[in-house]
Each structure stands twice: as C-alpha cells, then as structure tokens.
Amino acid sequence: MELYPDQYYEFFVHFNEGDYYTCHDLLEEMWMEEKGNLFFKGLLQMSVALYHYGYGNVKGARAMMNAAHDYLQGYRPRHWGLDLEKVIAYINECRLLIPDSIDRVPFDQIDILPALPVLFLYLED
C-alpha cells in the first residue's frame with residue numbers, strides 16, 4: 001500500500017464526517033506545496049463547494065463544484081487510491097441539484113435548498 005501525507009488521510013476522515021472547512025485547510029496545505037497539482041485543487045474545490053452550500057452561498061457552491069469537476073478530469077479513473085469515477089459522478093449529481101436561479105439564501109433558510117447527496121470517500125489501495 002502506498003503511503004500518503006498525513007493530511008491526505010485526515011482529509012478522508014473529515015470529509016466523511018461532513019467537516020468540509022477542515023478538509024479545505026488540509027488540502028490547501030498540500031496544494032500550497034504543489035501548486036500545479038490539480039488533483040488536490042479539485043478535491044479542495046469540491047470541499048469548499050459543499051461548505052458554501054451548507055451555509056447558503058449557492059453561487060459559490062455552483063462555481064466551486066464546476067471548478068472541481070474540471071480540475072479532476074485529468075486524473076480519471078483513479079488517482080492516489082481514490083476512485084475518481086465515483087467522485088465525478090457525485091459532483092455531477094450535485095451540479096444537477098444546485099439551483100441555477102438562486103445565488104444565496106440566509107442561513108436560517110437553507111432548508112429550502114435541495115439536499116445534496118452524501119458521499120463517503122475511501123482509499124482503495
């Protein structure tokens with residue numbers, strides 16, 4: 001089994017707990033060391049999208065989810081023990097559910113937004 005940076009392992013734990021803010025921090029640490037690594041950037045953008053959506057920033061979520069989709073394309077079908085076909089299918093499902101006609105809703109009204117599916121990520125090495 002390949003060994004990965006500690007932040008990568010921690011990313012999986014926090015993502016599966018729905019702690020997308022911490023996911024951003026962990027992935028940003030790795031991406032700052034390898035700015036050309038679009039794999040890290042794609043996972044980072046997906047995490048940021050989910051964080052934004054959870055707080056009513058629909059426009060930001062939409063933009064970040066689109067960016068994540070684009071950044072991860074070159075790493076299909078698998079990269080660093082992650083099944084990107086599963087991740088990209090999830091991103092596409094979210095992109096279909098995120099409303100185009102809404103940019104923002106107040107936090108106390110986020111329940112009017114369509115619920116996004118839940119994704120659990122696992123290393124498959």
Side-chain angles (χ1 to χ4, degrees):
M1 181 169 167
E2 187 173 345
L3 293 179
Y4 303 106
D6 289 343
Q7 297 98 319
Y8 190 59
Y9 294 112
E10 290 175 40
F11 160 74
F12 283 85
V13 172
H14 288 280
F15 188 92
N16 291 339
E17 291 175 348
D19 181 3
Y20 305 119
Y21 187 85
T22 300
C23 290
H24 164 271
D25 290 345
L26 292 166
L27 292 166
E28 189 173 53
E29 274 184 56
M30 294 188 301
W31 179 68
M32 292 299 281
E33 293 177 16
E34 292 184 53
K35 291 252 183 171
N37 189 322
L38 298 181
F39 174 71
F40 294 155
K41 193 169 183 179
L43 294 178
L44 192 155
Q45 300 292 30
M46 178 180 68
S47 300
V48 170
L50 294 169
Y51 177 77
H52 281 311
Y53 195 77
Y55 285 91
N57 180 0
V58 180
K59 182 178 181 179
R62 192 169 43 247
M64 293 294 103
M65 205 57 89
N66 288 334
H69 177 270
D70 294 345
Y71 290 140
L72 293 173
Q73 292 303 312
Y75 297 93
R76 295 173 94 162
R78 293 174 51 83
H79 187 75
W80 265 34
L82 186 57
D83 179 352
L84 287 172
E85 297 304 318
K86 179 179 173 182
V87 173
I88 290 171
Y90 170 77
I91 288 171
N92 285 333
E93 189 174 355
C94 289
R95 290 167 69 198
L96 290 173
L97 291 170
I98 295 172
D100 288 330
S101 59
I102 300 172
D103 285 345
R104 178 176 294 281
V105 297
F107 180 72
D108 62 349
Q109 296 176 22
I110 59 170
D111 58 334
I112 68 167
L113 295 173
L116 298 182
V118 175
L119 173 67
F120 292 101
L121 296 177
Y122 302 97
L123 278 172
E124 298 180 4
D125 277 347

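All figures in this text were calculated on a predicted structure; none of them were measured in a lab.
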Practice item. Report, as yes or no, whether the 6.0 Å neighbourhood of atom OH on Tyr75 holds more than 12 heavy atoms from other residues, nucleotides or ligands. Key: yes
What orientation do Trp80 and Phe40 show, parallel under 30°, tilted 30 to 60°, or perpendicular over 60°? perpendicular
**OP:** Could you check if a side-chain atom of Leu97 sits within less than 4.5 angstrom of a side-chain atom of Pro117, using non-hydrogen atoms only?
**Re:** yes
dist Leu123:CG -> Asp83:CG (nearest 0.5 Å) comes out at 11.5 Å
When rounded to the nearest 0.5 Å, the distance separating NE2 of His24 from CD of Glu29 is 11.0 Å
To the nearest 0.5 Å, atom CG of Leu116 lies from atom OH of Tyr53 at 4.5 Å
Contacts of Pro106 meeting side-chain contact (heavy atoms from CB on, under 4.5 Å) (sequence neighbours excluded), chain-then-number -> Asp108, Gln109
Between the NZ atom in Lys59 and the CD1 atom in Ile98, the distance rounded to the nearest 0.5 Å is 14.0 Å
Here the pair of heavy atoms bringing Ile110 nearest to Tyr55 is CG2-C, 4.0 Å
Shortest non-hydrogen pair, Leu113 vs Pro99, comes out as CD2-CG, 4.2 Å
Walk me through it: do Tyr71 and Leu44 pass the test side chain to side chain contact (heavy atoms under 4.5 Å, CB included)? CA-CA 10 Å; Tyr71 290 140; Leu44 192 155; over 6 Å; no
Contact between Ile88 and His69 at the side-chain level, heavy atoms closer than 4.5 Å - yes or no? yes
Checklist entry - Would a 4.5 Å heavy-atom cut-off, applied to side chains only, mark Asp103 and Arg62 as touching? => result yes
Using a 4.5 Å side-chain heavy-atom cut-off and chaining through intermediate ILVMFWY residues, the residues clustered with Phe120 come out as Val118, Tyr122
* Are Leu96 and Met64 connected in a single hydrophobic cluster, I mean Ile/Leu/Val/Met/Phe/Trp/Tyr linked by side-chain heavy atoms less than 4.5 Å apart? -> no
dist Gln7:CD -> Glu28:CD (nearest 0.5 Å) comes out at 12.0 Å
Contacts of Asp19 meeting side-chain contact (heavy atoms from CB on, under 4.5 Å) (sequence neighbours excluded), chain-then-number -> His14, Tyr21, Thr22
Check against side chain to side chain contact (heavy atoms under 4.5 Å, CB included), Arg104 and Val58: CA-CA 5 Å; Arg104 178 176 294 281; Val58 180; 5.9 Å; no
TODO: For the residue pair Phe11 and Phe15, categorise the inter-ring angle as parallel (less than 30°), tilted (30 to 60°) or perpendicular (more than 60°).
DONE: tilted
Main-chain N/O of Glu85 paired to Arg76 side chain as donor or acceptor, under 3.5 Å:
no
In terms of heavy-atom contacts, Ile91 and Met46 come closest through CG1-SD, 3.9 Å
Point to revise | side chain to side chain contact (heavy atoms under 4.5 Å, CB included) between Leu50 and Met65, intermediate numbers included | key: CA-CA 8 Å; Leu50 294 169; Met65 205 57 89; 3.8 Å; yes
One should read off an interatomic distance between Leu43 CG and Trp31 CH2, to the nearest 0.5 angstrom, of 13.5 Å
Classify the ring geometry between Phe39 and His79 as parallel (under 30°), tilted (30 to 60°) or perpendicular (over 60°). perpendicular
Of all heavy-atom pairs linking Leu38 and Leu72, the shortest is O-CD2, 4.3 Å
Item checked: NZ (Lys86) with more than 12 external heavy atoms under 6.0 Å -> yes
TODO: Determine whether Tyr9 and Leu26 make a side-chain contact, defined as any pair of heavy atoms from C-beta on separated by less than 4.5 Å.
DONE: no
